[in-house]
Protein chains: 2
Amino acid sequence: MNMDSIEQAKLENTGFSYILSLINGKYKITILYYLTAFDVVRFNEMKRYIDAVSFKTLSLSLKELESDGLIIRNEYPQIPPKVEYSLAARGKSLIPILEAMCEWGEFHKTTAREM
Amino acid sequence: MNMDSIEQAKLENTGFSYILSLINGKYKITILYYLTAFDVVRFNEMKRYIDAVSFKTLSLSLKELESDGLIIRNEYPQIPPKVEYSLAARGKSLIPILEAMCEWGEFHKTTAREM
DNA sequence: CGGGATCCATTAAGATACTG
DNA sequence: CAGTATCTTAATGGATCCCG
């Protein structure tokens, strides 16, 4: 994170802005979290885990995560349909970050908020 | 991240949902990022770094980060006013996560998105 | 300079019904 | 089951003016 001037400090085209663009959206990190915990999750199963999300938002988020290469969509051509989502290699490489966030939250959620 | 059932899988009141609630909002992580990089940043200076943000959103985000104990607002009662923001201890403890995100992004932004 | 207040625009997200 | 389509609502952000 070496920055010497305001010009260099601009976030455009940095790795940081890149990762932010991938995990924006209310439920994306949550989706990744469940895929980390359960490895393979079906559409309606994910909907049950995150019951606040709507079909539309879930569907859109999964599509974006897939096109960003973070998750894999595996469709079984059968009746009734079956679609499984799992982490792609890129997504798996995010696990340490997700776990660090989880641990940070566990540790700090009970801590007093004062400085 | 041990989860054995759907019931336990619900995110309410977990550390993970807690940290998500702190860093939601389009620019909060970015603000923390700049405070990590520059230690002490004034209001308009921050506005210049993140030039896409509006005064209102920046102001609101800083206030929320402050009330969540992540940053410290230091006001100098002078004319013209001067207000400096810096990371609180809680905020500093997030630095490893921010750096991990940064590194992940740097490494993956150029990588092909294919599986 | 560092905001607050107000009003407006844009975007994200939700509800519901429907389909292969 | 795994979505899509449509419509509606909520959340977020932006522009502008103002003040100590």
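Atoms considered below: every heavy atom in the structure, side chains included; atoms not considered: hydrogens, waters and symmetry mates. Everything quoted here is computed from the prediction, not taken from an experiment. In what follows, every chain begins at residue 1, and chains take the letters A, B, ... in the order their sequences are listed.
Look at B:Lys82 and B:Glu84 and you find a salt bridge, because one of the NZ, NE, NH1 or NH2 atoms lies within 4.0 Å of a carboxylate O, short of that distance. With salt bridges taken as basic N to acidic carboxylate O contacts below 4.0 Å, one links A:Arg73 and A:Glu75.
Spacing between atom NZ of A:Lys28 and atom C1' of C:dA12 amounts to 12 Å, rounded to whole angstrom units. Taking atom CG of B:Leu60 as the reference point, atom P of C:dG4 lies 9 Å away to the nearest angstrom. Protein atom CD of B:Glu64 is 16 Å distant from nucleotide atom C1' of C:dG3, rounded to whole Å. C:dG3 atom P lies 9 Å from atom CG of B:Asn44, rounded to whole Å. Remark: C1' of C:dG14 and CG of A:Leu58 are 13 Å apart, rounded to the nearest angstrom. The distance from atom CD1 of A:Ile50 to atom P of C:dA13 is 12 Å, rounded to the nearest whole Å. When the C1' atom of C:dC7 is taken as reference, atom CZ of B:Phe55 falls 17 Å away, rounded to whole Å. The CD atom of A:Gln78 sits 9 Å away from the P atom of D:dA2 (whole-angstrom rounding).
In this pair, A:Phe55 and A:Phe43 present their aromatic rings parallel. The plane angle is below 30°, not in the 30 to 60° band.
Backbone-only contact: A:Lys82 has heavy atoms under 4.0 Å from sugar-phosphate atoms and none from a base. Within 4.0 Å (heavy atoms only), B:Lys47 reaches no atom of the nucleic acid at all. No engagement by A:Tyr76 is indicated, since no non-hydrogen atom pair under 4.0 Å with the nucleic acid exists.
Checking the phosphate oxygens (OP1, OP2) of D:dC1, no side-chain nitrogen or oxygen of A:Tyr85 falls inside 4.0 Å. Taking side-chain N and O atoms only, A:Arg42 has a distance below 4.0 Å to OP1 or OP2 of D:dA2. A close approach under 4.0 Å does not occur between any side-chain nitrogen or oxygen of A:Arg73 and OP1 or OP2 of D:dA2. Look at A:Ser59 and you won't find any side-chain N or O under 4.0 angstrom from OP1 or OP2 of D:dA2. Distances shown here put every side-chain N or O of A:Thr57 at or beyond 4.0 Å from the OP1 or OP2 atom of C:dA13.
Looking at A:Val40, A:Val41, A:Asp39, A:Ile71 one by one, the single match for side-chain contact (heavy atoms from CB on, under 4.5 Å) with A:Ser86 turns out to be A:Val40.
The side chain of A:Lys56 lies closest to C:dG14 when the candidates are D:dC1, C:dG3, C:dG14. You'll find that the side chain of A:Lys26 is closest to C:dG14, out of C:dG14, D:dT4, D:dG14. For A:Lys63, counting side-chain heavy atoms from C-beta on, the closest listed nucleotide (D:dT4, D:dG13, D:dA2) is D:dT4. Looking at the side chain of B:Phe43, the nearest of the listed nucleotides C:dG3, C:dG20, D:dT4 is C:dG3.
Residue B:Ser17 holds its OG atom at 9.5 Å from CG of B:Leu22, rounded to the nearest 0.5 Å.
For the pair A:Ala52 and B:Pro81, nearest-nucleotide mapping onto DNA chain C gives the more 5' position to B:Pro81.
The shortest side-chain heavy-atom distance between A:Ile31 and A:Leu35 falls under the 4.5 Å cut-off.
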